[in-house]
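A quick write-up on the structure given underneath.
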Protein chains: 2
Amino acid sequence: MASTAPTLRSLARTLGLSRTTVSDALRGSPRVDPGTAARVKQAAKEAGYRRNPLAGALMSELRRSRGTAFRGVLAAVDFNEPDRPGYAARFHRELVLGAEARATELGFKVEKFAVGHAGVFVQRLDSILQSRGIHGVILLPAWDEPDLSNLDWSRFAGIYTDYIIERPALHSVCSDHYRSLLAALQRLAVLGYHRPGLLLQKRQDERLQYRWGAAFRAFQESHPAIRPLPPLIVETFTREEFARWFRRYKPDVVLAHHTEAIDWMESCGADLPVTHGFVSLNVLMKTRPCAGLDLQPRALGARATELLIAQLHRNETGIPDWPSTTTIPARWVDGPTLRTKAPAK
Amino acid sequence: MASTAPTLRSLARTLGLSRTTVSDALRGSPRVDPGTAARVKQAAKEAGYRRNPLAGALMSELRRSRGTAFRGVLAAVDFNEPDRPGYAARFHRELVLGAEARATELGFKVEKFAVGHAGVFVQRLDSILQSRGIHGVILLPAWDEPDLSNLDWSRFAGIYTDYIIERPALHSVCSDHYRSLLAALQRLAVLGYHRPGLLLQKRQDERLQYRWGAAFRAFQESHPAIRPLPPLIVETFTREEFARWFRRYKPDVVLAHHTEAIDWMESCGADLPVTHGFVSLNVLMKTRPCAGLDLQPRALGARATELLIAQLHRNETGIPDWPSTTTIPARWVDGPTLRTKAPAK
DNA sequence: GGCCATGTTCGGACTGTCCGAGATTTTGCC
DNA sequence: GGCAAAATCTCGGACAGTCCGAACATGGCC
């Protein structure tokens, strides 16, 4: 049957000290006489005392805020990119909306900080965050990889909402591109498409360590009924290069980021969805109705926020020993660019 | 300047009710008269009241335990697999050790539950967990994919320490095979190996949605200096089939799970590390010293545990809306099966 | 009017922290 | 040796919510 576990207060009674001295001693506060601290630690060990981290986190938060209108604040750091495309700006907005909603649910709030890439801005950010008492930092995606090594990470918990960044290596949250493409290709196979073609900008694949291309190949190799057409991966698209590729390999469905590809397919005589299909790899980029993948930026922002808050609750600042990547699969979005069922055989 | 945020108690004073009635009303308890509940909710809205989830989590834990020797208990569910290989048993043990250490740090403890695959065992597990007051469930890896859909997930938060399982879809934590293989291949390239060969059991690649093979291909395609040798992916290895592949394609380094491959390489005249290299894809499987990847089961177990506890603290049971996968990269382990620096050109 | 069941509201108790303040000790000066 | 100041050491107020047993109120029945 259950017996009472030793608590701070019961230890204090045993030692003839106040619960504050015991707490301070166990936390290594320099206020406590070293001899007293040693006695306390020994007694705690002998009693089998185990600290409750949840109680510690709450009491710390309560005491720090001291009755003011406290809400933990998270900084959403957005790197200044004047020429950021519209879809990327929308993606960022969705990320922040997701972060804000989740932060509110968990008793926090989010404030945006726009910063440049130059090191001078990073140091300024450091002092701003410290003066505001902000310890949680959400880093929004950046096309160029920013260098944040000069931020004093011992004071902050940070998380990327982008694929892995290394300077410094923090936890990250992003879409599961690999798995989402596999699922999309599976869905297309069920719809009777046997010649899928992939269209990528080189840089987009590189940023994800080639996951788009790798998933595409893996699917082809594991499904003998699928014709292994080579993907078109180029620095910059041209209508001509696309047309050459399209005519030569005759894909029956094209997967690409830009819906501009639909125009190019139609220029080659395709009649969507009668003769060919199209799938966008990021429906935030579409400029016309189509089927595709919703990379779910709101869900990503929400998840990043809850992981960050969990870190703060565990009082974990600094660069993690083993940074992890959390991925969420994209959500399929139906559209008028695909047939609705497989043709009769 | 800061002003005091409304709290449960201040709302109660305003309404002339007890703080319990206000708390019950806001939580939707049926104990509260509907008219009173409506008044409370309206007043809370007008005052801008915001609940503190951390306080709620702690107080709930304190009240539920009611002074007993409470420690949150997590169940580590291990599926009964009598013919599980030794390395897999070691992997499971490491996972549990990591889970136990992290659970202790966070004020929880872990208990193992061995269960069969049959549905009847799942229902029994359900009642055991409920009677024990256990809400957090860590699911250890299983070679066959178990079906846990019949567990009453509304009462539990669960997490897989394996690659994605779908019945039901929960959050999961596993090694980042794709990224780890890319990093390993990069390291081998730096050491001057230009003809890496990959040896896989088909089932091992399938389980990971072909991530081993995909990473291998992606690396070859993105590094023109690397000869694109086809991997050897078979149902079951034979020395003869390996020898044929090895003699035909002449890899200068072999990456495989089993160190048995070293014997086969030596049978073909290889002299490690003088003439060829070897890298294990899971050093827990090695039966002799070699270089390789440490998939870090302890770190995986620890991370799974902290994610699960964070869910419990947020009172999130049930099947998540968007199950995520958290991956941690493997740690490189040096060994005597590789040259220590690139040969002079 | 008393009793019982149901509905509604209340209150005890709480696993730790921060920091201002009080008590005690130590040090330096006359 | 006494006194004042500084340093050291320890203490205590206060705490953003929850659970569930208990108290109180109400209505129906005998």
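A note on names: the letters A, B, ... follow the listed sequences, proteins ahead of strands, and every chain is numbered from 1. Every value quoted in this text rests on a predicted model; they were computed, and no experiment measured them. Because only heavy atoms are used, hydrogens play no part in the values below, and waters and symmetry mates are left out as well, while side chains stay in.
As a whole-Å value, the separation of R50(B) CZ from dG17(D) P is 13 Å. To the nearest angstrom, P of dT15(C) lies 17 Å from NE2 of H313(B). Rounded to whole Å, the distance from CG on D24(B) to C1' on dT8(C) is 11 Å. One atom, CG of L54(B), and another, C1' of dT18(D), lie 14 Å apart when rounded to the nearest Å. In this structure, the CG atom of L62(A) is 17 Å from the P atom of dG13(D), given to the nearest Å. Here the P atom of nucleotide dT6(C) and the CG atom of D33(B) are 18 Å apart, to the nearest Å. One interatomic measurement links the two molecules: CG of L8(A) to P of dA13(C), which rounds to 20 Å at whole-angstrom precision. Spacing between atom CZ of F108(B) and atom P of dT15(C) amounts to 17 Å, rounded to whole angstrom units.
Interatomic distance, CD of E316(B) versus CG of D321(B), reported as 9.0 Å (0.5 Å rounding). The distance from the CG atom of L11(B) to the OG1 atom of T21(B) is 12.5 Å, given to the nearest 0.5 Å.
Look at S60(A) and you'll find a side-chain N or O under 4.0 angstrom from OP1 or OP2 of dC18(C). When the side-chain nitrogen and oxygen atoms of T20(B) are compared with OP1 and OP2 of dG11(C), none of them lie within a distance under 4.0 Å. Between dC11(D) and T21(A), a contact under 4.0 Å exists linking OP1 or OP2 to a side-chain N or O. In this structure, T36(A) does not reach the dC9(D) phosphate: none of its side-chain N or O atoms is under 4.0 Å from OP1 or OP2. In this structure, R51(B) does not reach the dA16(D) phosphate: none of its side-chain N or O atoms is under 4.0 Å from OP1 or OP2.
Between the side chain of R63(B) and the base of dA13(C) there is at least one donor-acceptor pair of N/O atoms closer than 3.5 Å. Between the side chain of N52(A) and the base of dT15(C) there is at least one donor-acceptor pair of N/O atoms closer than 3.5 Å.
One N or O on the side chain of H92(A) and one on the backbone of P141(A) form a donor-acceptor pair closer than 3.5 Å. Panel note: side chain T161(B), backbone L139(B); a donor-acceptor pair is recorded below 3.5 Å. Between the W153(B) side chain and the G158(B) main chain, no donor and acceptor come within less than 3.5 Å of each other.
Residue-to-nucleotide proximity on DNA chain C shows that, of L58(B) and S18(B), the 5′-proximal contact is made by S18(B). Mapping V22(A) and R9(A) onto DNA chain D by nearest heavy atom places V22(A) closer to the 5' end of the strand. Comparing M59(B) and G16(B) by the nucleotide of DNA chain C that holds the closest heavy atom to each, the one mapping nearer the 5' end is G16(B).
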Mind running side chain to side chain contact (heavy atoms under 4.5 Å, CB included) on Q296(A) and R303(A) for me, showing each step along the way? CA-CA 11 Å; Q296(A) 304 213 80; R303(A) 188 85 169 117; over 6 Å; no
For K41(A) and K45(A), what are the C-alpha separation, side-chain angles and deciding distance, and is it a side chain to side chain contact (heavy atoms under 4.5 Å, CB included)? CA-CA 6 Å; K41(A) 284 169 178 167; K45(A) 191 183 182 76; over 6 Å; no
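Looking at heavy-atom distances under 4.0 Å, L17(A) makes contact with sugar-phosphate atoms alone, never a base. Among the heavy atoms of the strands lying under 4.0 Å from R27(B) are primed sugar atoms or P, OP1, OP2 only; no base atom is included. Counting non-hydrogen atoms under 4.0 angstrom, S10(B) reaches nothing in the nucleic acid.
D24(B) and S29(B) share no side-chain donor-acceptor pair at under 3.5 Å. Side-chain contact check for S23(B) and R27(B): at least one donor-acceptor pair (N or O, by modelled atom type) lies under 3.5 Å.
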Output one line per pair: protein atom, nucleotide atom from nucleotides 21-24 of chain D, and distance, for all N/O pairs under 3.5 Å.
{"residue": "dG21(D)", "atom": "O6", "partner": "R31(B)", "partner atom": "NH1", "Å": "2.4"}

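Looking at the side chain of E61(B), the nearest of the listed nucleotides dG12(D), dT15(C), dC9(D) is dT15(C).
Summarising the base pairing, dA14(D) is matched to dT17(C) through a Watson-Crick or G-U wobble pair whose two defining distances lie under 3.5 Å. Nucleotide dT8(C) forms a pair with dA23(D), judged by Watson-Crick or G-U wobble geometry with both contacts under 3.5 Å.
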